[in-house]
Amino acid sequence: MALGWAPRDVEVIDRDLGLSGTSAAHRAGFRELMSRVCLGEVGAVFGLEISRLARSNADLARLAEMARLTGTLLIDSDGVYDLADFNDWLVLGLKSTMSQAELHIMAGRLQAAKRAAAERGELRAPLPVGLVYDDDGATVLDPDAEVRAAVADIFACFAAAGSAYGVVTAFAGRKFPQRAYGGVWAGQLRWAPLTHHRVLQVLKNPAYAGAYVYGRCVTRKKIDADGNVRTVTADLPRAQWPVLIKDHHPGYLTWEEYLAIEARLAANHTGGGGRPVREGTALCQGIIICGGCGAPMAASYHGDDRASYECHSHRDGKKTPGCRSIMAHAVDDAVAVALLDALTPEQVALALAAADEVTGQHQRAGRAAELAVERARYEADRAERAFGQVEPENRLVARTLEARWEARLTALADAEQALQAAQTTLPPLPDRASLAKLAADLPALWHAPSTTARDRKRLLRTLIADVTLLPEADRGKARIGIRWHTGAADQIVIDRPGPTGIPAPTPTPATELIRELGPVTSNTDLVALLHQRGYLTGAGRPFDIKAVQWVRHACQIPSPPPYDSGEISVADAARRLGCSPGVVYYWIENGQLEARRTPGARLCIPWTPATEASCRARIASSGHLNPAARRTRPRQRH
Ligand SMILES: [Zn+2]
């Protein structure tokens, strides 16, 4: 107004107060300003500092470009920018770049301070329920015994049930505590039913294992289909966590237990390729692979608990000639025998002896590493003494001795590292007596009715990595490959169980008749014959074609050949003439060759020497079927 604008021509835009200037997406005020500048309604834009009208360079550049096109002035305490003037445009551009750089540096400094605090394990973050900060700021277990019991029960339930949904089931009707952060209930403890999501949160949170972690998730910017920029949060894999301090505070479980839970959850994650044990009786479910195509086989149940392993590659068009399906019990019995054989007391004694051997080797390796460290330390001390004794004036010698001392120190550090590696990789050995007892009890335990199919499968998976149904030329046999977790592999060949899909009908006079006359009598004649004798089917109905076909199928009774004497099939005719069956079909279709069609749609050709001769003549004269004829035929001229 002091510069001469009328009060009604002055408009104050303050809607964006308190909103971040990094993006124009949420700032209605800035967007309005942009649109009115574009419409040419604005004479000048006043701001305390124009370069900070938007923190994003792109937004400000767009505003400057529009102001240049519409002749709008941008005015702040530093001066008046007429963007049509190159110098003004350049200065504003520079200031805007500096403004963005300032934001970056500021954020960088704040983040660095935060990161440094986190690396010391001192950056405080909200703690999950069951852990609290004490008066000195240290992380401790919640003093509320009820809360502690609820958290501990989640881990206990998971150990028993083996899945997060199992924990939810075990907590049915029981509530789980949740600490509210922010909002009306800030700081208060709320009890709510336990959800699957909550269980996963608890199981995956390393704080419960006493670890301090910073940067478990990252935020990433994404541009959605509408062109809006959205911020999404993603979990980082454990190897990429920027800060992980183990044994930072007391926890509910050890780090090893945490890793075991993580592995179990990953194995349960079917979306990620995991094939967890299921309730069904098929023992190799989830670990059996088709040896033909290499794809996992599916366990299918066909009522009354009979299961089969099936290769479903044909659905993807990847079926190979080696792909087979097999009755589950055949494979399961063989694999169970192999497993129990591997766990006899004698085998376990052998394994323990081998383990003793390995421990001995490790101990010897550890002792050697200790000695190496001692020697390296002695060498380093000696180099240090030699360096200390030399006159400082004798620089050449001192320099050489210093370099030698340094080399000895490096060797010492290497030796110490090797010793530490040797000590930490020492395998923990199970208690011998309890192992031997367990092995002796195992067959009884395995067959006990109280042992569920799930338990058996878990036990199986502790030793066996996978089972493969290998290709086998003999169709009456099945070759099974077992790959143990130790890396050893076994092959077993078993008799493939016969087709048990169709129960054969009990022999009756009717089936005996079909069996006797079936190979030489047609179905129609059989039906007539059965009617004549007054036989009925098992269901008490008179026999029809379908019933006869069923008996043929179930008892594997062949049908009589459809050809009358002197008749041959199309394939036979083609073979005799040395031409393709397509040619014979073509002649029949065009009436050049006589044929009879049976009720089963089969073509029967009455074959006589005369028929054969006429066919041969037809081939000989055809340029298409006989290239020799084509070559000798004179070319037709028009
Ligand atoms: Zn297959």
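What you see is a predicted model; the values in this text were computed from it and never measured. Order of appearance sets the numbers: ligands from 1, and atoms from 1 within every ligand.
Ion pairing of Asp235 with Arg216 is absent here, as no side-chain N (NZ or NE/NH1/NH2) approaches a carboxylate O to less than 4.0 Å.
For the side chain to side chain contact (heavy atoms under 4.5 Å, CB included) test with Thr468, the passing option among Ile480, Ile288, Ile289, Ile287 is Ile289; the others fail.
Aromatic ring pairs are classed by plane angle as parallel below 30°, tilted from 30° to 60° and perpendicular above 60°; the pair Phe155 and Tyr208 is perpendicular.
Angle SG (Cys311) to the Zn ion (ligand 1) to SG (Cys290): 110°, rounded to 10°. If you put the vertex on the Zn ion (ligand 1), SG of Cys323 and SG of Cys293 sit 110° apart, to the nearest 10°.
Remark: the backbone N or O of Arg479 is not paired with any side-chain donor or acceptor of Arg496 at under 3.5 angstrom.
Metal site remark for the Zn ion (ligand 1): His312 contributes no N, O or S atom at a distance under 2.8 Å.
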